[in-house]
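Have a look at the structure below, then the notes.
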Amino acid sequence: MRASRRTGIRALTLASSLVWMSVVPAAAVFASSGPTVTPGSVGLTATSHTAPVGGQVTFTAAAQDPGGTAEYQWWVESPTGQWTDAQNYSTQNTFSLATPSAGDYLVAVDVLDQAQAAAGDWSLAQTTLPRGVFVDSGVTVAAAASGAAGQAVTLTATASNIYDAVYQFWVEAPNGTWTQSGPYQTSPTYTFTPSAGAYRYVAYAKSPLAANNPHGALESNVGSQVAYGTAAQVVVSPSTQTVVADGQATGSVTYTVEDRHGDRVANFTGMLAISNTGGLSVPHGESRIASSA
């Protein structure tokens, strides 16, 4: 089952270590002498974050191993949830991942000094956070129609071809400050209460073990939301209009109620006083009469 290999970021290293510990004498497992890979020095890069079905992505690992030679073991989790030892320990620090089917793939690497690998010191391996590759995957985010300031806004993300997707939301306030929803969550919704002004938002989706950064997650579209304040002004468009006084010509104007930020106040229910300076009887608007002569 996929979940059995997704119990923690260290699952990759621990899985390989514990299996070997069951068949290798304890003295060999815990023996350690000579050069070793510097903890925290292992890096992992990829040629792409996404790929088409039938494509390929190449990964490159780098590690510091003062006085020794590093060896790399590559792990891949397929969209079906199976972790496989895709390339056993060797000095080959690159790996090409084929993407034959849609879904998200995870790639991670364990690194040992060559002497440690030869001695079977698997528990000493340094590992990386799994990086994600998205194949025909997607994530979108949307919110309900704009509402008044102080009314809660719920964002909803939808992911496709991402296994057991977890989500994180980011919201940009009118002052340009971005705020995140918190740690990645299984719920595809997030609710916030805006003040008056224009907001932007985005969602990220990933599989649970993928890194909590842009290398492991897929970004959605950027949505927008306006929270309007109390009515402060009325804007008339057009502000001036000329209609020929021939008894047939007509004209129209649009009144927009805005808050102090210039955002439209939706569903305004107050009363507007309309003045008519042209002497004509019109349903609404301001008229200026020009002679046709």
Side-chain angles (χ1 to χ4, degrees), residues 1-7 9 11-12 44-60 74-84 86 95-109 128-146 152-173 178-192 194 198-226:
M1 297 293 291
R2 183 164 187 155
S4 66
R5 298 304 298 268
R6 287 178 167 263
T7 55
I9 292 300
L12 301 179
L44 183 60
T45 59
T47 56
S48 180
H49 187 223
T50 60
V53 174
Q56 181 173 285
V57 177
T58 298
F59 292 80
T60 301
W74 294 88
W75 293 90
V76 174
E77 185 189 45
S78 70
T80 62
Q82 298 300 312
W83 280 101
T84 59
F95 170 72
S96 293
L97 171 70
T99 56
S101 60
D104 65 310
Y105 296 74
L106 293 183
V107 174
V109 61
T128 62
L129 294 177
R131 289 189 63 132
V133 175
F134 297 95
V135 181
D136 198 24
S137 303
V139 56
T140 60
V141 64
S146 298
V153 174
T154 298
L155 306 179
T156 301
T158 303
S160 59
N161 290 330
I162 300 178
Y163 180 84
D164 275 355
V166 290
Y167 304 88
Q168 186 181 70
F169 298 84
W170 287 79
V171 177
E172 183 188 34
W178 284 91
T179 302
Q180 64 166 290
S181 58
Y184 276 88
Q185 60 186 46
T186 57
S187 172
T189 63
Y190 171 64
T191 299
F192 70 100
Y199 288 75
R200 295 196 302 165
Y201 52 85
V202 66
Y204 291 86
K206 71 179 190 72
S207 54
L209 275 188
N212 297 340
N213 57 38
H215 301 311
L218 193 62
E219 182 179 349
S220 75
N221 59 296
V222 178
S224 61
Q225 183 83 359
V226 175

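By convention here, the first residue in the shown sequence is residue 1.
The two atoms that bring L44 and A108 nearest to each other are CD2-CA, 4.4 Å, heavy atoms only. Looking at every heavy atom in both residues, L106 comes nearest to G132 through CD2-CA, 3.9 Å. The shortest non-hydrogen separation linking S48 to V57 is O-CG1, 3.6 Å. A217 and Y184 get closest at one heavy-atom pair: CB-OH, 3.3 Å. Between A210 and G216, the closest heavy-atom pair is CB-O, 3.4 Å.
Remark: W170 CH2 to Y190 OH distance equals 10.5 Å, nearest 0.5 Å. Here the straight-line distance linking atom OG1 of T189 with atom CG of L155 works out to 9.0 Å at 0.5 Å rounding. Within the model, atoms OG1 of T45 and CZ of F59 stand 9.0 Å from one another, a figure rounded to the nearest 0.5 Å. Interatomic distance, OH of Y163 versus CD of E77, reported as 8.0 Å (0.5 Å rounding). In this structure, W74 CH2 and F95 CZ are separated by 8.0 Å, a value rounded to the nearest 0.5 Å.
Side chain to side chain, Q168 and Q185 fail the donor-acceptor criterion of an N or O pair below 3.5 Å. Checking T58 against T47 by side-chain atom types alone, no donor-acceptor pair falls below 3.5 Å.
V139 is not listed as a side-chain neighbour of Y204, based on a closest heavy-atom distance of 4.5 Å or more. Taking the side chain as every heavy atom from C-beta outward, V222 and Y201 never approach each other to under 4.5 Å. With a 4.5 Å cut-off on side-chain heavy atoms, V135 and V133 count as touching. Using a 4.5 Å cut-off on side-chain heavy atoms (C-beta onward), F134 and I162 make contact. L129 is not listed as a side-chain neighbour of N212, based on a closest heavy-atom distance of 4.5 Å or more. Counting heavy atoms from C-beta on, the side chains of V107 and W75 never come closer than 4.5 Å. The shortest side-chain heavy-atom distance between N161 and D104 does not fall under the 4.5 Å cut-off. No side-chain heavy atom of S187 sits under 4.5 Å from any side-chain heavy atom of Y167.
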Self-check item: Audit row: W178, V171, side chain to side chain contact (heavy atoms under 4.5 Å, CB included) steps and yes/no
Solution: CA-CA 5 Å; W178 284 91; V171 177; 5.6 Å; no
Exercise. Give the intermediate values and the outcome of side chain to side chain contact (heavy atoms under 4.5 Å, CB included) for residues V141 and T156.
Key: CA-CA 5 Å; V141 64; T156 301; over 6 Å; no
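N221 pairs by the side-chain hydrogen bond (donor to acceptor under 3.5 Å, both in side chains) definition with nothing, not counting sequence neighbours. Applying the side-chain hydrogen bond (donor to acceptor under 3.5 Å, both in side chains) rule to Q56 yields no partners; only residues at least two apart in sequence or on another chain are considered.
The backbone N or O of A142 sits nowhere less than 3.5 Å from a side-chain atom of Q225 that would complete a donor-acceptor pair. Between the side chain of T191 and the main chain of T154, no donor-acceptor pair closer than 3.5 Å is present.
Annotation: Y199 is in aromatic contact with F192 [ring centroid separation under 6.0 Å].
The side chain to side chain donor-acceptor pair (under 3.5 Å) pairs that include a residue from residues 130-143 are R131-H215, where partners are two or more places apart or lie in different chains.
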